[in-house]
Amino acid sequence: MRTNLAEQAAAFARRMESYKARVMVCAGTGCVANGSMEVFHRFEEVVADQGLSISVQLDRRESDYVLSRSGCQGFCQMGPLVTLYPQGIFYTRVKPEDVEEIVDKTLLQGEIIERLTYQDAQTREHVALVHEVPFYKRQHRAVLAACGHMDALDIQEYIAGGGYAMAERACTQMSDAQICQEILRSGLRGRGGGGFPTGRKWELTRVQPGPKKYIICNGDEGDPGAFMDRSVMEGNPHSVLEGMTIAAMAIGADEGYVYVRTEYPLAVERIRRAVEDARALGLLGQDIFGSGKAFDIHVMEGAGAFVCGEETALMASIEGRRGMPNPKPPYPAQRGLFGKPTCINNVETLASVPMILAMGPDAYARLGTETSKGTKTFALTGHVVNTGLIEVPFGTTLRQIVDDIGEGVTDDDGTVRLSAFKAVQIGGPSGGCLNREHLDMPLDYENLQKVGAMVGSGGLVVMNEQTCMVQIARFFMQFTQNESCGKCVVCREGTKQMLALLDDIIEGRADETTIPLLEELAEAIRLGSLCGLGKTAPNPVLSTLKYFRDEYDAHVYKKYCPAGRCQALARYTILAEACKKCGLCARKCPVGAISGDRNTGFAIHPDKCIRCGACVAACRFAAIEKK
């Protein structure tokens with residue numbers, strides 16, 4: 001069966017024209033966790049109670065209004081999110097009890113409910129329309145352009161937006177070599193972390209002999225604080241499938257796998273539904289687009305092992321073996337899945353491909369920097385006002401992301417201070433920590449590599465002045481150590497020893513040999529590990545040692561945590577001006593570290609103090625300071 005894309009697009013347009021308005025409820029993981037599906041079902045109930053007719057988009061029946069579920073809209077900080085079209089009225093933090101008012105005032109009367117609109121953190125002005133919200137206006141959303149503005153499960157809507165047109169072109173009008181050259185000319189590089197030119201990777205696979213080849217979409221996104229690939233699979237799964245189809249035509253593959261971690265149930269569900277719908281329309285399977293070519297896709301859930309994000313470990317997992325890396329060469333392009341030539345790209349890379357062919361490789365290449373073309377999605381989290389999923393051109397600075405899109409750094413109490421920025425962790429466990437000196441550095445592959453970090457999958461964790469950088473390094477080392485597959489000794493045992501040394505620093509047991517040994521171990525692990533997990537595991541430690549060495553020195557030589565976060569190194573002091581000389585702290589101290597009386601006052605002896613915090617808990621006058 002050959003599907004006429006123009007007919008599908010026209011059918012969708014007629015359907016949308018018949019509705020008076022469209023209610024779009026964000027059904028990405030973040031909003032669902034905050035109760036967006038309760039809001040969705042409440043809309044169904046309220047509209048029915050009002051005697052109005054409404055259809056859920058996929059019902060495709062005649063009604064006055066249509067209710068749709070989008071994928072992640074990116075502004076996770078403000079969810080659940082509801083957008084009303086055609087006006088584009090944007091409501092934040094919507095609760096089920098708000099729905100009746102939205103239907104009465106906005107849907108029926110066109111009034112805007114100001115309390116539900118977005119309020120700018122800096123100007124305090126209310127913004128009612130989605131395209132005017134600063135969080136979105138300050139981005140360049142390309143891969144994410146449709147995420148949040150379409151029903152992720154409606155293949156007809158994807159087609160109406162130009163979907164599968166480039167796959168049809170690749171199947172019927174382009175040769176495999178032409179496709180590879182177009183992508184190579186665009187400058188697209190792998191968005192999974194390595195940054196290898198995508199067109200070059202395709203070409204290396206294309207020229208391999210043999211009738212059987214595979215294309216794999218790596219959706220095993222495991223970095224702490226990263227959720228870019230998950231959001232694309234949830235919000236626009238067909239863009240991934242179309243990118244895989246184009247890639248398959250480029251390398252000569254007739255079979256593909258989407259490998260998704262099982263902790264992403266929504267992504268798994270929507271990718272599987274997208275595959276089924278594409279098959280039903282003849283966009284996957286035999287003789288796609290009447291080209292005589294075959295291509296089909298399988299969806300496989302990974303068991304959650306971080307190491308399976310590595311190419312060879314991922315393929316071992318698909319084959320039913322334990323996910324452990326193998327040495328390269330041979331590279332997957334030479335001998336990959338089931339011993340056949342295989343090309344592996346991550347979700348964001350593949351989702352970019354249809355867009356590149358549609359806009360033209362030269363137009364795409366004008367985005368970004370000289371060596372890093374296009375845009376990059378980032379998961380912006382941590383001590384920042386606006387957290388969520390963002391997309392900016394390569395070359396954007398950290399300052400633009402943190403201060404403009406993120407609208408500033410927050411203290412632990414939630415106070416916004418633009419000067420509170422201390423560091424950002426970029427690239428997850430494989431990346432590194434950057435400081436204030438890097439705020440105006442254009443972000444791209446080369447610049448980040450020069451300063452000891454990497455783009456990685458795109459996690460951006462912002463940290464304020466109250467963050468202990470040694471603890472941050474320990475957190476990522478603990479993660480890496482837990483996720484080490486154990487195949488090579490240098491990674492398995494080396495990360496364990498690095499973690500023990502970091503524990504010594506945090507708990508006050510370190511001496512002058514600790515930091516040199518930590519650095520020596522890091523270098524050994526970097527050089528001797530088999531796969532990328534081990535080779536990059538020391539990065540968070542090495543980058544914090546480079547840019548926050550004074551904090552390490554304070555922990556080791558002064559037995560003091562500048563951020564006041566390490567309990568074993570805490571210093572407790574009684575503030576004479578606040579102390580009421582009641583003596584309650586002395587009576588509660590379990591080791592007698594507090595001396596004095598009601599006449600002379602009380603003092604804490606640091607050499608006796610075990611830093612249990614009992615005195616702070618006992619004091620009713622906030623007279624004990626912890627540093």
Original post:
For the residue pair Pro197 and Leu184, what are the closest heavy atoms and their distance?
Top reply: CB-CD1, 4.5 Å
**OP:** Identify the residue among Glu391, His140, Arg141 that makes a side chain to side chain donor-acceptor pair (under 3.5 Å) with Thr375.
**Re:** Glu391
Original post:
For the residue pair Ala473 and Pro540, what are the closest heavy atoms and their distance?
Top reply: CB-O, 4.2 Å
Subject >> Backbone of Cys531 reached by a side-chain donor or acceptor of Lys487 within 3.5 Å >> reply: no
**OP:** Please report the shortest heavy-atom distance between Thr369 and Gly395, naming the atom on each side.
**Re:** CG2-CA, 3.5 Å
**OP:** May I ask you to decide if the ring planes of Tyr136 and Phe75 are parallel, tilted or perpendicular, using 30° and 60° as cut-offs?
**Re:** perpendicular
Original post:
Would you say Lys201's side chain and Cys343's backbone share a donor-acceptor pair under 3.5 angstrom?
Top reply: no
Original post:
Does the distance from a Lys or Arg side-chain N to an Asp or Glu carboxylate O, for Glu203 and Arg200, drop under 4.0 Å?
Top reply: no
Original post:
Is it true that atom NZ of Lys137 has more than 12 heavy atoms of other residues, nucleotides or ligands lying nearer than 6.0 Å?
Top reply: no
Subject >> Backbone N/O of Pro341 and side chain of Gln208: donor-acceptor pair under 3.5 Å >> reply: no
Subject >> Asn464 side chain to Thr410 backbone, donor-acceptor under 3.5 Å >> reply: yes
**OP:** Scan residues 519-542 for pairs that pass side-chain hydrogen bond (donor to acceptor under 3.5 Å, both in side chains), counting only residues two or more places apart or in two chains.
**Re:** Ser430-Thr536, Glu519-Arg549, Glu523-Arg526
Subject >> Spacing of CZ belonging to Phe90 relative to CD belonging to Gln73, to within rounding of 0.5 Å >> reply: 6.0 Å
Subject >> Side chains of Val232 and Ser239 in contact at under 4.5 Å (non-hydrogen atoms) >> reply: yes
**OP:** Quick one: do Phe548 and Lys422 satisfy side-chain contact (heavy atoms from CB on, under 4.5 Å)? Show the steps, please.
**Re:** CA-CA 10 Å; Phe548 301 94; Lys422 181 175 187 177; 4.2 Å; yes
Under 3.5 Å, which donor-acceptor pairs link side chains of residues 346-359 to any protein atom two or more places apart or in another chain?
unit_1: Asn346; atom_1: OD1; unit_2: Thr349; atom_2: N; d: 3.0
unit_1: Asn346; atom_1: OD1; unit_2: Thr349; atom_2: OG1; d: 2.5
unit_1: Asn346; atom_1: ND2; unit_2: Asp229; atom_2: OD2; d: 3.3
unit_1: Glu348; atom_1: OE1; unit_2: Lys376; atom_2: NZ; d: 2.8
unit_1: Glu348; atom_1: OE1; unit_2: Thr377; atom_2: OG1; d: 2.8
unit_1: Glu348; atom_1: OE2; unit_2: Thr377; atom_2: N; d: 3.1
unit_1: Glu348; atom_1: OE2; unit_2: Thr377; atom_2: OG1; d: 3.4
unit_1: Thr349; atom_1: OG1; unit_2: Arg191; atom_2: N; d: 2.9
unit_1: Ser352; atom_1: OG; unit_2: Glu348; atom_2: O; d: 2.8

Subject >> Close side-chain approach of His555 to Cys468, heavy-atom, < 4.5 Å >> reply: yes
Subject >> Any donor-acceptor N/O pair, Asp444 side chain to Phe394 backbone, under 3.5 Å >> reply: no
**OP:** Verify, without hydrogens or angle tests, whether Arg138 (side chain) and Asp404 (backbone) share a donor-acceptor contact under 3.5 angstrom.
**Re:** yes
**OP:** Walk me through it: do Thr29 and Glu234 pass the test side-chain contact (heavy atoms from CB on, under 4.5 Å)?
**Re:** CA-CA 8 Å; Thr29 293; Glu234 289 177 2; 2.4 Å; yes
**OP:** Could you tell me whether the side chain of Ile251 reaches within less than 4.5 Å of the side chain of Asp176, counting heavy atoms only?
**Re:** no
Subject >> Euclidean distance, Asp120 CG relative to Glu407 CD, rounded to 0.5 Å >> reply: 4.5 Å
**OP:** Check Met233 against Ala267 and note the closest heavy-atom contact, atom names and distance.
**Re:** CB-CB, 3.9 Å
Subject >> Interatomic spacing from OG1 in Thr513 to CG in Leu518 - rounded to 0.5 Å >> reply: 11.0 Å
Subject >> Test item: Lys373 side-chain N/O and Glu370 main-chain N/O as donor-acceptor pair under 3.5 Å >> reply: yes
**OP:** Could you tell me the separation between the CD1 atom of Ile525 and the CG atom of Leu542, rounded to the nearest 0.5 Å?
**Re:** 9.5 Å
Original post:
Would you say the side-chain atoms of Gln478 and Arg474 include a donor-acceptor pair closer than 3.5 Å?
Top reply: yes
**OP:** Assign the ring pair Tyr547 / His438 to parallel, tilted or perpendicular, where the plane angle (0 to 90°) is split at 30° and 60°.
**Re:** perpendicular
Original post:
Between Met463 and Cys433, is any pair of side-chain heavy atoms under 4.5 Å apart?
Top reply: yes
Original post:
Below 4.5 Å, heavy atoms only, C-beta onward: do Arg492 and Val489 meet side chain to side chain?
Top reply: yes
**OP:** Determine whether more than 12 heavy atoms belonging to other residues, nucleotides or ligands lie under 6.0 Å from atom CD of Glu132.
**Re:** yes
**OP:** May I have the step-by-step check of side-chain contact (heavy atoms from CB on, under 4.5 Å) for Leu434 and Ile426, ending in yes or no?
**Re:** CA-CA 8 Å; Leu434 307 179; Ile426 184 168; 4.1 Å; yes
Original post:
Short question: side chain of Asn236, backbone of Leu144 - any donor-acceptor pair under 3.5 Å?
Top reply: no
**OP:** Taking all non-hydrogen atoms of both residues into account, name the closest pair between Ser372 and Arg189 and its distance.
**Re:** OG-NH1, 3.9 Å
**OP:** Could you tell me the separation between the CD atom of Gln139 and the CZ atom of Phe378, rounded to the nearest 0.5 Å?
**Re:** 11.5 Å
**OP:** Give a yes or no answer on whether the side chain of Ser484 reaches the backbone of Gln481 with a donor-acceptor pair at less than 3.5 Å.
**Re:** no
Original post:
Taking Glu465 for the side chain and Ala420 for the main chain, is one N or O donor matched with an acceptor at less than 3.5 Å?
Top reply: no
Original post:
For Thr544 and Tyr552, does a side-chain donor sit closer than 3.5 Å to a side-chain acceptor?
Top reply: yes
Original post:
Does the side-chain contact (heavy atoms from CB on, under 4.5 Å) test come out yes or no for Ile401 and Val462, once each step is laid out?
Top reply: CA-CA 10 Å; Ile401 292 174; Val462 180; over 6 Å; no
Subject >> Heavy-atom closest pair, residues Asn345 and Trp202 >> reply: OD1-NE1, 2.9 Å
**OP:** Measure the CG-OG distance between Leu389 and Ser231 for me, rounded to the nearest 0.5 Å.
**Re:** 4.5 Å
Original post:
Is there a side-chain contact between Leu460 and Thr381, using heavy atoms and a 4.5 Å cut-off?
Top reply: no
**OP:** Compare all side-chain heavy atoms of Leu443 with those of Thr396 and state whether any distance is below 4.5 angstrom.
**Re:** no
Original post:
If we only count heavy atoms from C-beta on, is the Pro134 to Val127 side-chain gap below 4.5 Å?
Top reply: yes
Original post:
Would you find more than 12 non-hydrogen atoms of other residues, nucleotides or ligands less than 6.0 Å from Arg335 atom CZ?
Top reply: no
